[in-house]
Amino acid sequence: MYSFQNEDYQAELLLTEEISRRLFANKIGHSGGKKGGLKVLMISSSGENVLSVATSPLVQKIYAADINKAELHLAELRRTSAIFLDVENQLNLLGANPKIKINDEKGREQREHLYQNLREHLPQETRDYWDERKEQIRFGLQHVGRNEQVNHQYQLELQKFDLDPINKPNETLSHYGWKQAMESVLEVSRYFNIIQYPPDAVAALLEKMGCAWRGREKIKGFEENIASKKILPKDNYFLTTVFNNYYAFGADNEKGLPLFLQSGGSDDLKRLGVGPERIEFVEGDVFKKVKEISLRDGLFDIISISNIPDWLSWDEFSVHATTIKSCLKPGGALLGRMALEKLSMLSLFQTVGFEVSTEFNQKLKEVERSSWWTQIVAGFAPQQTNESSNVLQE
C-alpha cells in the first residue's frame with residue numbers, strides 16, 4: 001500500500017479546465033452540453049487526488065480504479081472522514097498533523113478514538129479491513145506505506161550528516177553527504193528490501209521494466225525540486241512528506257495541503273458531493289475496467305494513468321493507449337505520467353492518433369510539484385474522425 005500519492009492533483013485540474021474550455025469554445029457539449037458534466041477515470045491510489053479533483057464543479061463523476069484493495073480501503077476511509085470530520089481531525093486520524101508526533105501516545109489514542117467514531121459510517125468491507133489493522137491506525141496511516149518506509153530511511157541517512165533539505169536546501173545539495181545518503185537508500189538490493197519485494201523477483205521486475213535500476217534519476221528529481229525557484233521546499237508537500245513525514249505547513253499552509261484538505265476545497269467537496277453517486281471506487285486493472293465502464297456508462301472525458309506505462313513495452317502501451325482512445329469522447333484526453341524515460345509518451349500518443357499540444361504539456365510540467373515523474377503528457381482524442389494532423393496548432 002502507498003499511504004501518500006506521488007501525483008500532483010493540479011495537473012488533473014488543469015486538464016479539466018482545458019477540456020471544458022475547448023469543448024465550449026467549439027460548442028461541443030459533453031454530458032449533454034451541461035457545463036460541469038465531465039466524467040473522469042483515474043487511478044485511486046491513496047485517494048488524495050480523487051478527492052482533490054472532486055472539488056472541481058467541472059467534474060460530474062469520478063471512477064477511481066485500483067488493482068490494490070488496500071488502496072481502495074484507504075481511499076474509502078479518506079472519503080468517509082471528509083464527510084464526517086473537519087480538516088484538523090482528518091489530519092489527526094491519518095497521523096498527518098505535525099503538531100502531534102508519530103510516537104506520541106496521546107496521538108495514538110486520539111487516532112483510535114476518531115476511527116471508532118467513524119467506523120459505523122464505513123462500508124462493511126472497509127470497516128472489517130481496518131478493524132483488523134487497528135495498530136496501523138494507531139501508528140498513523142500516513143506513515144505505514146511502502147514509499148513511506150523508504151522515506152524514513154532517507155531521513156535516517158541524512159541525519160548522519162545533519163542535513164535538512166527542507167529548511168537548508170542549498171547547504172544540503174552542496175554537501176557530499178547528500179548523494180552518499182540518497183544513493184545508499186536507493187542501492188538496488190537495499191531499496192527493494194525496504195519495500196519488502198522478494199529478492200529473487202527483483203531481476204525479473206527490472207527486466208519487465210526494460211531498463212536498469214534508475215536510482216540516480218530519482219535523486220535528480222529531488223534535486224530539481226529542492227532547488228526550484230517556483231516553490232520553496234517547505235511549501236512543497238511532495239518534499240516535506242518525504243523528508244519531514246508531514247504535509248507542508250509553511251507560511252501559507254493552505255497551499256501545502258492537498259486541495260480537499262484546504263478549507264475552500266473541503267467546503268466545495270461537501271457542497272458538490274462525495275458519495276458513491278459522484279465518486280465510484282472500482283477494484284481491478286484500469287486497462288480492463290476502462291472498456292467495461294465505458295460500455296456500461298458511456299465514454300469518458302478524461303482518463304488519467306500514472307506509473308503503469310513504466311512496466312510496459314512500446315507495443316503493450318500502444319495497445320492500451322489505443323483502447324483508451326476508443327473510450328474517450330471526441331476531444332477527451334488521456335493524461336499519462338512516467339517515472340522512466342525508456343520510451344517517449346509524446347511520440348507514442350502521436351503514433352496511436354492522439355493530438356498533442358507542446359504548449360499545454362509545458363503547462364502540465366509547470367504545475368506538477370512531485371519529484372517522481374520525468375514525463376507528463378496529455379493526448380487529446382480527435383474531435384473529428386477525418387484527421388489531418390495529430391499535432392494541435394497553437
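Excluded from the calculations below are hydrogen atoms, water molecules and symmetry mates; all remaining heavy atoms, backbone and side chain alike, are included. This is a predicted model, so every value here is computed, not measured.
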_When you measure from the centre of the six-membered ring of Y129, is the NZ or CZ of R133 closer than 6.0 Å and no more than 45° off the axis?_
yes

*If you measure from CG on L364 to CD on E359, what distance do you get to the nearest 0.5 Å?*
11.5 Å

*asked:* Can you classify the ring geometry of Y247 versus F4 as parallel (below 30°), tilted (30 to 60°) or perpendicular (above 60°)?
replied: tilted

*Is there side-chain contact between I19 and L15, with heavy atoms separated by less than 4.5 Å?*
yes

*Say you draw a straight line from NZ of K270 to CZ of F260; how long is it, rounded to the nearest 0.5 Å?*
11.5 Å

_If I compare all heavy atoms of S306 with all of E7, which pair ends up nearest, and what's the gap?_
CB-OE2, 3.1 Å

*asked:* Does atom NZ (K134) have a neighbourhood of more than 12 heavy atoms from anything else shown, all under 6.0 Å?
replied: yes

_Close side-chain approach of I376 and L335, heavy atoms under 4.5 Å_ = yes

*Would a hydrophobic clustering, with Ile, Leu, Val, Met, Phe, Trp and Tyr connected at side-chain separations under 4.5 Å, put I308 with Y2?*
no

*Test salt bridge (Lys or Arg N to Asp or Glu O under 4.0 Å) applied to D131 - qualifying residues, sequence neighbours left out*: R119

*Taking a hydrophobic cluster as the set of Ile, Leu, Val, Met, Phe, Trp and Tyr residues connected by side-chain heavy atoms closer than 4.5 Å, whether directly or through intermediates, do M1 and L77 fall within one such cluster?*
yes

_Hydrophobic cluster membership, I231 vs Y9, 4.5 Å side-chain cutoff_ = no

*For the atom pair NZ (K325) and CG (L334), what is the distance rounded to the nearest 0.5 Å?*
11.0 Å

*Any chance NE2 of H152 has more than 12 other-residue heavy atoms, nucleotides or ligands included, within less than 6.0 Å?*
no

*L38 side chain near Q60 side chain, heavy-atom distance below 4.5 Å*: no

*Heavy atoms, side chains only, cut-off 4.5 Å: are L41 and I302 in contact?*
no

*Is a donor on one side and an acceptor on the other found under 3.5 Å between the side chain of S20 and the backbone of T16?*
no

*Listed once per pair and sorted, the salt bridge (charged side-chain N to carboxylate O under 4.0 Å, His left out) pairs that draw on residues 51-60, sequence neighbours left out*: none

_Between CG on residue L163 and CD on residue Q155, distance to nearest 0.5 Å_ = 13.0 Å

*Is there a side chain to side chain contact (heavy atoms under 4.5 Å, CB included) between I62 and E280 once you walk through the steps?*
CA-CA 6 Å; I62 297 175; E280 181 177 333; over 6 Å; no

*Find out if a path of hydrophobic residues (ILVMFWY) with successive side-chain heavy-atom gaps under 4.5 Å connects I324 to W314.*
yes

*Going by heavy atoms in the side chains, are E148 and N245 under 4.5 Å from each other?*
no

*Relative to the ring of F84, is the ring of H121 parallel (under 30°), tilted (30 to 60°) or perpendicular (over 60°)?*
parallel

*asked:* Test of understanding: with ring-ring contact (aromatic ring centres under 6.0 Å, His included), list the residues that count as partners of F139, not counting sequence neighbours.
replied: none

*asked:* I'd like to know if L299 and I305 are part of one continuous hydrophobic network [Ile/Leu/Val/Met/Phe/Trp/Tyr, side-chain heavy atoms within less than 4.5 Å].
replied: no

*Is the side chain of D310 donor-acceptor paired with the backbone N or O of L340 at a distance under 3.5 Å, no angle test?*
yes

*Would you check if I43 and V50 make a side-chain contact, meaning some heavy-atom pair closer than 4.5 Å?*
no

_Is the distance from the ring center of Y246 to that of H143 below 6.0 Å?_
yes

*asked:* For the residue pair E254 / S263, report whether a side-chain donor-acceptor contact shorter than 3.5 Å exists.
replied: yes

*Evaluate the side chain to side chain contact (heavy atoms under 4.5 Å, CB included) criterion for residues L239 and S371: first the C-alpha distance (whole Å), next the side-chain angles of each, then the deciding distance (0.1 Å), finally the verdict.*
CA-CA 8 Å; L239 291 176; S371 304; 3.6 Å; yes

*What orientation do F349 and F354 show, parallel under 30°, tilted 30 to 60°, or perpendicular over 60°?*
tilted

*Considering non-hydrogen atoms only, spot the tightest contact between M345 and F317 and give its length.*
CG-CE2, 3.8 Å

*Can you list the steps and then say if D268 with R271 is a side chain to side chain contact (heavy atoms under 4.5 Å, CB included)?*
CA-CA 5 Å; D268 289 338; R271 175 175 56 83; 3.1 Å; yes

*Rounded distance (nearest 0.5 Å) linking atom CD1 of I303 with atom NE2 of H320*: 13.0 Å

*Check whether the ring centres of F222 and Y154 lie less than 6.0 Å apart, and answer yes or no.*
yes

*If only atom types and distance count, is the side chain of R79 paired as donor or acceptor with the main-chain N or O of V274 below 3.5 Å?*
yes

*Evaluate whether atom NZ of K365 has more than 12 neighbouring non-hydrogen atoms of other residues, nucleotides or ligands under 6.0 angstrom away.*
no

